[in-house]
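Worksheet: the structure to be examined is printed underneath.
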Amino acid sequence: EGGIHEQYDYSNKWLTFRNVNHLRLASGPQLEFGAEAQHVRFRNWDDFDNAVTRLSATSAGAFAACTVQPFPHFSLTAGARVDYVPLSERFHLSPRLSFSWALAPRLTMNGAYGVYYQQMPLFLIKQDPSNAALPDPRARHIVLGFKYLLGKDVQLTLEAYDKRYSDHPMSPSYPYWFVIDDVNGDEDRFWDYGALVGEGRAYARGVELTLQKKISRKLYGLVALTHYRARYRDLMGFWRNRLFDNRFIVCLSGGYKPTRTWEINVRWTLAGNKAFTTVDEAMSIQ
């Protein structure tokens, strides 16, 4: 157990190449395709053993999407992405689907579905040789919304979303903890969890209302109201609130551009805080 509380410092370096191509056929579908490669170098200092560990890997991916208009005022985009994850030596196929439907001259309905994969943080993979064989974290996103033009430069948007996460790393030593949330706020480093299991499940779902004014007459602004929940299931089967389960966010931002070279802007945000357990001082003293 003593090794779990050792002190580590680590760093990541990335070099990314990305290519995106657009092809529009005459009065036909629109195509988007491309490829991406990323080389990552990881270095870890163990302050207890005074040892250095290095990892390096190159991931690759390719993607394609096609947009068609099967009937007037309705567009449909279907696509997929293929990724190679080097440390787990896996290929992932991620489908994507979205649509936009103009229900009226000022009212549009939008929706999207997608599957996403991501490699675990390299520091977690480094902690135990068996961690490289864990499944790569997976997320499924669904978004449905409406946009209404209140004027030439003012738009009202209402969106609901549901995100489900699976195969996330969990620690048998800390079965109640969602490991991915460990790095947040003032905590910029993971604990040493040792061998992990890929049984983490979580979700985030909410509703967002946005009123946006594009720049006109030198003024622009945005008001956003969000209510959401973010929870995870621990290894004991209990659903718990994630550290980022703020419940609500109110955001106001805007600006004034008197000249081409000057701009004045302001931003104000109100958000729910992280949940905490109160301390019973009398019982603690006893």
Side-chain angles (χ1 to χ4, degrees), residues 18 20 22 29-34 36 61-83 92-119 136-150 154-168 178 180-181 200-214 221-233 239 241-253 269-272:
R18 178 178 174 86
V20 181
H22 300 272
Q30 301 178 44
L31 302 177
E32 180 181 282
F33 56 93
E36 186 176 25
F63 53 90
C66 178
T67 301
V68 297
Q69 191 171 6
F71 53 85
H73 311 299
F74 184 88
S75 64
L76 180 68
T77 301
R81 180 183 175 98
V82 178
D83 286 288
H92 295 299
L93 176 62
S94 307
R96 314 285 166 83
L97 185 68
S98 64
F99 73 89
S100 179
W101 189 3
L103 302 175
R106 294 192 175 192
L107 179 63
T108 303
M109 180 181 180
N110 300 289
Y113 168 87
V115 175
Y116 304 85
Y117 290 91
Q118 187 173 4
Q119 182 175 270
D136 298 307
R138 179 181 184 271
R140 187 271 289 151
H141 295 187
I142 294 178
V143 181
L144 183 64
F146 295 88
K147 293 183 180 180
Y148 185 75
L149 292 177
L150 297 174
V154 181
Q155 177 178 271
L156 182 67
T157 303
L158 177 65
E159 282 190 342
Y161 63 87
D162 182 87
K163 303 178 182 181
R164 294 183 181 271
Y165 307 93
S166 59
D167 300 330
H168 277 248
F178 199 58
I180 291 297
D181 286 352
R201 293 176 56 189
Y203 71 80
R205 59 176 66 111
V207 179
E208 181 171 286
L209 180 66
T210 304
L211 180 64
Q212 181 180 10
K213 181 187 182 303
K214 297 182 180 180
L222 180 142
V223 179
L225 310 175
T226 304
H227 175 72
Y228 71 97
R229 293 300 310 272
R231 310 192 77 202
Y232 70 93
R233 191 184 71 173
W239 285 92
N241 300 334
R242 293 184 64 176
L243 290 182
F244 305 99
D245 184 43
N246 301 95
R247 307 292 180 91
F248 73 91
I249 301 174
V250 180
C251 179
L252 287 78
S253 64
T269 302
L270 175 67

Hey, could you give me the [atom1]/[atom2] distance between [X] and [Y], rounded to the nearest 0.5 Å?
X: I142; Y: R205; atom1: CD1; atom2: CZ; answer: 10.5 Å
X: Y203; Y: D162; atom1: OH; atom2: CG; answer: 9.5 Å
X: L158; Y: Y148; atom1: CG; atom2: OH; answer: 14.5 Å
X: L209; Y: E159; atom1: CG; atom2: CD; answer: 10.5 Å
X: Q155; Y: K214; atom1: CD; atom2: NZ; answer: 6.0 Å
X: L103; Y: M109; atom1: CG; atom2: CE; answer: 7.0 Å

Identify the heavy atoms of [X] and [Y] that sit nearest to each other, and give their distance.
X: G61; Y: D83; answer: CA-OD1, 3.7 Å
X: Y117; Y: D136; answer: CD2-O, 4.1 Å
X: Y165; Y: A139; answer: CD2-CB, 3.6 Å

- What residues, two or more places apart in sequence or in another chain, satisfy ring pair (Phe, Tyr, Trp, His ring centres under 6.0 Å) together with Y232?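 Per chain and number, Y232 pairs via ring pair (Phe, Tyr, Trp, His ring centres under 6.0 Å) with F178.
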- Query: Partners of F63 by ring pair (Phe, Tyr, Trp, His ring centres under 6.0 Å), sequence neighbours excluded?
  - Reply: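 F63 satisfies ring pair (Phe, Tyr, Trp, His ring centres under 6.0 Å) with no residue once adjacent residues are dropped.
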- Task: Just jot down the side chain to side chain donor-acceptor pair (under 3.5 Å) partners of K147, sequence neighbours excluded, or say none.
- Result: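 Side chain to side chain donor-acceptor pair (under 3.5 Å) check on K147 returns nothing, list empty.
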- Is the count of non-hydrogen atoms from other residues, nucleotides or ligands lying under 6.0 Å from Q118 atom CD greater than 12?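 No, CD of Q118 has 12 or fewer neighbouring heavy atoms, counting only those of other groups under 6.0 Å.
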Give the table of side-chain donor-acceptor pairs shorter than 3.5 Å for residues 222-230, with sequence neighbours excluded, one pair per line with atom names and distance.
residue	atom	partner	partner atom	Å
T226	OG1	E208	OE1	2.9
H227	ND1	R247	O	3.1
Y228	OH	F244	O	2.7
Y228	OH	N246	N	3.2
Y228	OH	N246	OD1	2.9
R229	NE	D245	OD1	3.2
R229	NE	D245	OD2	3.3
R229	NH2	N241	OD1	2.7
R229	NH2	D245	OD2	3.3

- Query: Any donor and acceptor pair, going by atom type alone, linking the side chain of R138 with main-chain N or O of D167 inside 3.5 Å?
  - Reply: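 Answer holds: no.
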Under 3.5 Å, which donor-acceptor pairs do the side chains of residues 64-73 form with other protein atoms, sequence neighbours left out?
residue	atom	partner	partner atom	Å
T67	OG1	T77	OG1	2.8

- Message: Determine whether V20 and E36 satisfy the following criterion, side-chain contact (heavy atoms from CB on, under 4.5 Å), listing intermediate values before the conclusion.
- Response: CA-CA 9 Å; V20 181; E36 186 176 25; over 6 Å; no
- Can you list every side-chain hydrogen bond (donor to acceptor under 3.5 Å, both in side chains) pair that touches residues 94-111, not counting sequence neighbours?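 For residues 94-111, and leaving out neighbouring residues, the side-chain hydrogen bond (donor to acceptor under 3.5 Å, both in side chains) pairs sorted by first residue read S100-N110.
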